[in-house]
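Shown next, in structure tokens, is the structure this report addresses.
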Amino acid sequence: MSETQITVLIADDHPIFRKGLRQIIETDSTLSIIAEVGDGEEALNNLRLLKPQVAVLDVDMPKRDGLAVLKSIKEENLPSSVILLTMYKEERFFNAALDAGVKGYVIKDSAVSEITNAIHAAAKGENFISPTLSTLLVKSLNRSESANNSSLNPLTSSEKRVLKLVGEAKTNKQIADELFISIRTVENHRSNICAKLNLEGKNALLTYALTNKTEI
């Protein structure tokens with residue numbers, strides 16, 4: 001293996017898709033696949049052991065999904081940059097991936113033409129988003145800019161997202177399911193929001209969220 005090659009791990013539970021992905025990546029002589037696995041648990045074990053520069057992870061995998069593996073990479077301070085492969089073009093999946101620190105977000109339908117460029121970008125610490133998701137990216141940037149100019153500045157992006165869903169009268173379980181987090185994490189976010197915004201009382205958070213819907 002050349003010293004200039006970028007080391008890559010592939011994780012996807014569909015063998016045929018995984019094989020096709022490998023064939024595409026191997027057409028680039030500067031990329032070297034050092035592991036190919038079929039579930040999230042195996043992916044994380046190989047990431048700990050082999051420490052590839054880039055991990056290409058399917059969002060939907062057995063045992064651990066791509067977002068869960070990404071969060072573990074961040075928590076354990078592993079060196080791999082992550083590209084998520086997905087069939088989803090929904091804003092909530094996209095925002096969850098950005099919040100988790102993903103470097104690349106590639107739609108599977110576009111992987112043939114985009115995956116090598118995404119890997120090179122991620123290896124350099126740059127972001128790569130499938131062009132078909134440009135509308136979602138603009139929405140995300142606009143929302144961040146709007147939030148930065150409001151009274152919600154003390155809140156993190158995750159807390160703002162929780163607050164928005166509170167304003168939609170979602171239960172803690174519904175919020176947890178939509179944001180791919182635990183109910184306990186939702187409860188912690190709600191507590192932190194109340195502390196930062198000086199909200200007291202049983203319905204204070206809901207009242208605030210409803211009153212400030214346009215700013216969230």
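In this chain, numbering begins with 1 at the start of the sequence shown.
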Item to check | Trace of the side-chain contact (heavy atoms from CB on, under 4.5 Å) decision for Gln174 with Leu165 | outcome: CA-CA 9 Å; Gln174 289 173 324; Leu165 294 174; over 6 Å; no

Next on the checklist: Leu205 vs Leu163, test: side-chain contact (heavy atoms from CB on, under 4.5 Å). Steps then yes/no.
Outcome noted: CA-CA 8 Å; Leu205 181 60; Leu163 183 60; 3.6 Å; yes

Item to check | Exercise: identify the closest heavy-atom pair between Gln5 and Ser29 | outcome: NE2-O, 2.8 Å

Item to check | Between CD1 on residue Ile33 and CD1 on residue Ile6, distance to nearest 0.5 Å | outcome: 12.0 Å

Checklist entry - Within a strict 4.5 Å, meaning less than it, do heavy atoms of the Leu85 and Ile115 side chains meet? => result yes

Checklist entry - Hey, quick one: are Tyr208 and Leu210 part of the same hydrophobic cluster, counting side-chain heavy atoms closer than 4.5 Å, chains of contacts allowed? => result yes

Checklist entry - Heavy-atom distance under 4.5 Å between the side chains of Phe128 and Lys103, does that happen here? => result no

Checklist entry - Under the side-chain hydrogen bond (donor to acceptor under 3.5 Å, both in side chains) criterion, do Thr185 and Ser182 qualify, and how do the steps go? => result CA-CA 5 Å; Thr185 300; Ser182 68; 2.8 Å; yes

Item to check | Side-chain heavy atoms of Val162 within contact of Leu179, under 4.5 Å | outcome: yes

Checklist entry - How many angstroms lie between atom CG of Asn172 and atom CD1 of Ile181, to the nearest 0.5 angstrom? => result 9.5 Å

Checklist entry - When clusters are formed by joining ILVMFWY residues with side-chain heavy atoms under 4.5 Å apart, either directly or through shared neighbours, do Val112 and Val8 land in the same one? => result yes

Checklist outcome for this item: CG (Leu57) and CG (Leu70) are apart, to the nearest 0.5 Å, by 7.5 Å

Checklist entry - For Glu42, which residues count as a side-chain contact (heavy atoms from CB on, under 4.5 Å) partner, sequence neighbours excluded? => result Val37, Asp39, Asn46

Item to check | ring-ring contact (aromatic ring centres under 6.0 Å, His included) partners of residues 168-187, not counting sequence neighbours, each pair once | outcome: Phe93-Phe180

Next on the checklist: Test of understanding: with salt bridge (charged side-chain N to carboxylate O under 4.0 Å, His left out), list the residues that count as partners of Glu159, not counting sequence neighbours.
Outcome noted: Lys196

Checklist entry - Measuring from Leu199:CG to Thr207:OG1, what's the distance to the nearest 0.5 Å? => result 9.0 Å

Item to check | Reported CG-to-CD1 distance for the pair Leu50 and Ile34, which is rounded to 0.5 angstrom | outcome: 4.5 Å

Item to check | Residues Leu197, Leu155; criterion side-chain contact (heavy atoms from CB on, under 4.5 Å); working and verdict | outcome: CA-CA 9 Å; Leu197 300 181; Leu155 305 184; 4.2 Å; yes

Item to check | Partners meeting side chain to side chain donor-acceptor pair (under 3.5 Å) with Glu26 (sequence neighbours left out) | outcome: Arg22

Would you tabulate the side-chain donor-acceptor contacts of residues 116-125 under 3.5 Å, counting partners in other chains and residues two or more places apart, or write 'none'?
| unit_1 | atom_1 | unit_2 | atom_2 | d |
| --- | --- | --- | --- | --- |
| His120 | NE2 | Asp28 | OD2 | 2.8 |
| His120 | NE2 | Thr30 | OG1 | 3.3 |

Next on the checklist: My understanding is that only residues two or more places apart in sequence, or in another chain, count here; which of them pass side-chain contact (heavy atoms from CB on, under 4.5 Å) with Asp99?
Outcome noted: Ser157, Ser158, Arg161

Next on the checklist: A side-chain contact here means heavy atoms from C-beta on lying under 4.5 Å apart; do Lys108 and Asp12 qualify?
Outcome noted: yes

Checklist entry - According to the salt bridge (Lys or Arg N to Asp or Glu O under 4.0 Å) rule, which pairs have a member within residues 65-85, sequence neighbours left out? => result Arg48-Glu76

Checklist outcome for this item: Residues passing the side-chain contact (heavy atoms from CB on, under 4.5 Å) test with Ser191, sequence neighbours excluded, are none

Checklist entry - Which residues satisfy the side chain to side chain donor-acceptor pair (under 3.5 Å) test with Arg64, sequence neighbours excluded? => result Glu41, Ser72

Checklist entry - Can you list every salt bridge (Lys or Arg N to Asp or Glu O under 4.0 Å) pair that touches residues 175-184, not counting sequence neighbours? => result Lys170-Glu178, Lys173-Asp177

Checklist entry - So, the side chain of Ser80 versus the backbone of Ala55: is there a donor-acceptor pair under 3.5 Å, distance only? => result no

Item to check | Candidate pair Asp13 and Asp58, rule side-chain contact (heavy atoms from CB on, under 4.5 Å), full reasoning | outcome: CA-CA 8 Å; Asp13 61 324; Asp58 186 14; 3.4 Å; yes

Checklist entry - How far apart are the closest heavy atoms of Arg18 and Gly38, and which atoms are they? => result NH1-CA, 3.6 Å

Checklist entry - Given the rule that I, L, V, M, F, W and Y join up when any side-chain heavy atoms are under 4.5 Å apart, are Met87 and Val56 in one cluster? => result no

Checklist outcome for this item: Between Leu84 and Ala97, the two heavy atoms sitting closest are CD1-CB, 3.8 Å

Checklist entry - Of all residues at least two apart in sequence or in a different chain, which pass the side chain to side chain donor-acceptor pair (under 3.5 Å) check with Asp60? => result Tyr88

Next on the checklist: Whether the side chain of Thr7 engages the backbone of Gln53 through a donor-acceptor N/O pair (distance < 3.5 Å, no angle test) should be reported.
Outcome noted: yes

Item to check | Closest non-hydrogen atom pair, Pro52 against Leu47 | outcome: CG-CD2, 3.6 Å

Checklist entry - What residues form a side chain to side chain donor-acceptor pair (under 3.5 Å) with Lys19, not counting sequence neighbours? => result none

Checklist entry - Between atom CG of Asn198 and atom CD1 of Ile193, what is the distance when rounded to the nearest 0.5 Å? => result 13.5 Å

